[in-house]
Amino acid sequence: MKSFGYNITEDRQIDFDANDRNVTVFINEIEPSILLCMGCGSCTATCTTGHFTDFNIRKIHTLIQRGELKHLKKEIMKCMLCGKCQLVCPRGVNLRNLILSIHTALEKSGL
Amino acid sequence: MSKTAIIIGGGTAGMETASQLARLGVEVDLIEKQPHLGGHLKNWDRLFPNRRNSDEVFDYLEKGMNDGISLHLNAEISNIRKSEEKFTIALQDGKELQSDALVIATGYEVFDARKKEEYGYGIYDNVITSVELEEFFRSNKQKNLLEGVASKRIGIIHCVGSRDEKAGNLYCSKLCCVTGVKQAIEIKELMPDAEIFCFYMDLRMFDRHFEEMYYEAQEKWGIQFIRGRLSEASENTDHTLLVKVEDTLTGLPLKMKVDLLILLVGFVPSPETRRLAAMLGLKEGDDRFLCPADEHTITNSTEIPGVFLAGTVKGPAGIANTITDARATAIQVADYLK
Ligand SMILES: Cc1cc2nc3c(=O)[nH]c(=O)nc-3n(C[C@H](O)[C@H](O)[C@H](O)COP(=O)(O)OP(=O)(O)OC[C@H]3O[C@@H](n4cnc5c(N)ncnc54)[C@H](O)[C@@H]3O)c2cc1C
Ligand code: SF4
Ligand code: SF4
Ligand code: SF4
């Protein structure tokens with residue numbers, strides 16, 4: 001095929017309808033407090049991992065709610081399970097257990 | 001014989017209820033625990049949304065303190081009894097007052113910022129509350145807030161003690177967003193070269209003129225808004241403060257040095273209100289503010305015949321709404337006493 005110097009770029013939109021949200025449902029059942037998040041960012045601000053890598057705990061759990069699971073496995077390996085994020089959360093979200101339930105969910109779904 | 005009402009609390013709500021009831025021919029006893037009337041209004045310098053002097057509103061309320069109102073200042077209530085149709089209130093000085101109706105207008109308290117230890121209030125020098133800033137404005141009208149400080153960067157922190165399970169208050173205090181924007185503008189007027197940042201989660205500019213104040217803050221005064229809740233503040237050796245938030249709109253953790261931190265403290269139900277409510281058996285909501293008989297339709301009476309509520313005992317509200325509410329209470333009381 002003749003090359004015109006262009007290629008097809010990957011769609012960056014969250015395709016909400018195409019995304020499989022079974023993992024989301026599973027995680028929300030194990031740790032329902034995640035539904036209380038109001039996106040304030042306190043968790044990310046306090047997370048040492050997020051200061052030194054591109055890990056962002058708030059983004060992770062928001063992306064899960066949208067069914068975006070790409071890179072999830074690699075990302076959550078960065079968490080040290082220190083629990084600082086949970087200490088500052090004004091909505092009492094159990095973020096440490098969230099990370100653990102993501103591990104369980106990914107194992108179960110073979111992702 | 002003329003009917004009587006006792007009003008407990010001589011703030012905005014109590015004063016306006018008293019004034020309207022007296023106008024309607026009811027004999028009123030107004031009980032205030034402080035040596036003066038006015039409640040929180042007396043602490044504010046200029047009021048949102050139009051930044052008029054708060055003394056003007058107090059003067060209006062004071063004009064209503066006419067014949068037919070007996071004032072009891074410095075009065076501590078030790079006991080309230082209801083027998084048949086009458087209320088008897090015992091004051092600490094031994095006095096007893098009787099009435100046919102009772103209005104609870106004991107207001108609110110501001111959140112004690114020391115409870116958010118990670119924000120450093122009471123620990124670091126340059127962390128103050130919005131209440132202290134009003135005090136400053138009232139007493140030092142022309143003075144520079146940060147005399148001698150070179151960089152003059154100020155952080156204003158929203159939701160201190162509100163919307164926070166850790167502080168035990170899930171509700172929104174409604175008026176601290178607009179107070180923060182008002183104060184940011186006032187600081188800029190005093191110190192045009194100051195850099196001001198508001199750290200917020202949501203800007204709740206719900207009432208008339210509020211959104212326009214937000215617009216003015218950006219357009220005319222260059223105030224900047226960063227969407228992220230303060231996670232912690234720590235003091236540097238030079239007594240400046242390092243604040244840490246997530247800048248949620250870029251998705252990155254952000255740290256910033258500021259010279260002064262202003263905490264927008266919210267409303268909390270006052271312990272005094274709760275003490276009186278317990279004596280009377282009044283109902284509290286999950287937020288610990290008092291509940292009227294019906295949240296939509298019977299907003300000024302309670303389930304106890306003859307007991308009425310006015311103002312911020314029912315939750316956060318501004319002056320205009322408090323005055324409107326007090327008038328509604330007066331009408332309900334007058335109807336009851338017919
Ligand atoms: C930082 C801040 C800034 C604000 N700025 C503005 C503004 O610019 N514009 C605006 O519209 N609103 C403003 N408000 C809101 C305003 O303060 C309230 O709307 C108003 O004070 C409510 O009046 P109130 O009478 O219900 O309560 P209060 O003002 O709290 O009055 C209650 C009164 O009851 C008395 N009392 C309490 N317990 C007893 C007892 N047991 N016996 C006898 N007396 C008792 C108290 O001493 C007090 O005098 C602000 C609020 C805050 C926190
Ligand atoms: S538990 Fe994980 S996400 Fe939370 S602060 Fe510690 S490292 Fe960050
Ligand atoms: S601290 Fe809690 S409420 Fe805030 S973004 Fe994190 S999980 Fe959500
Ligand atoms: S009014 Fe604004 S600052 Fe106050 S509690 Fe509500 S959102 Fe927070």
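None of the values given here were measured: they were computed from a predicted structure. We name chains A, B, ... by the order of the sequence lines, and we start the count at 1 in each one. Just the heavy atoms: all of them, side chains too, but no hydrogens, waters or symmetry mates, feed the values below.
- Highest contact tally toward chain B, considering only A:V88, A:N56, A:L36, is held by A:N56 [criterion: heavy-atom pairs under 4.5 Å].
- Taking every heavy atom of both residues into account, A:A45 and B:E246 meet most closely at CB-N, 3.3 Å.
- Annotation for A:M77: atom CE does not count as buried by contact number, only 12 or fewer foreign heavy atoms lying within 6.0 Å.
- The number of heavy-atom neighbours closer than 6.0 Å to CZ of B:R51, taken from other residues, nucleotides and ligands shown, is above 12.
- When the candidates B:V245, B:L254, B:D247 are compared by the number of heavy-atom contacts under 4.5 Å with chain A, B:V245 comes out ahead.
- Side-chain contact between A:R91 and B:K166 is absent, with no heavy-atom pair separated by less than 4.5 Å.
- Note that the SG atom of A:C89 and the CD atom of B:E165 stand 7.5 Å from one another [nearest 0.5 Å].
- Within a 6.0 Å radius of CZ in B:F206, more than 12 heavy atoms belonging to other residues, nucleotides or ligands are found.
- With values rounded to the nearest 0.5 angstrom, A:T46 atom OG1 is found 9.0 Å from B:E118 atom CD.
- Within a 6.0 Å radius of CG in B:D286, other residues, nucleotides and ligands contribute 12 heavy atoms or fewer.
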| request: Give the intermediate values and the outcome of side chain to side chain contact (heavy atoms under 4.5 Å, CB included) for residues B:T248 and A:R58. | output: CA-CA 9 Å; B:T248 59; A:R58 179 190 56 78; 3.7 Å; yes
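- With contacts defined as side-chain heavy-atom distances shorter than 4.5 Å, the pair A:M38/B:R229 qualifies.
- Residue B:E117 places its CD atom among 12 or fewer non-hydrogen atoms of other residues, nucleotides or ligands, all under 6.0 Å distant.
- Taken to the nearest 0.5 Å, the CD atom of B:E232 stands 10.0 Å off from the OG atom of A:S42.
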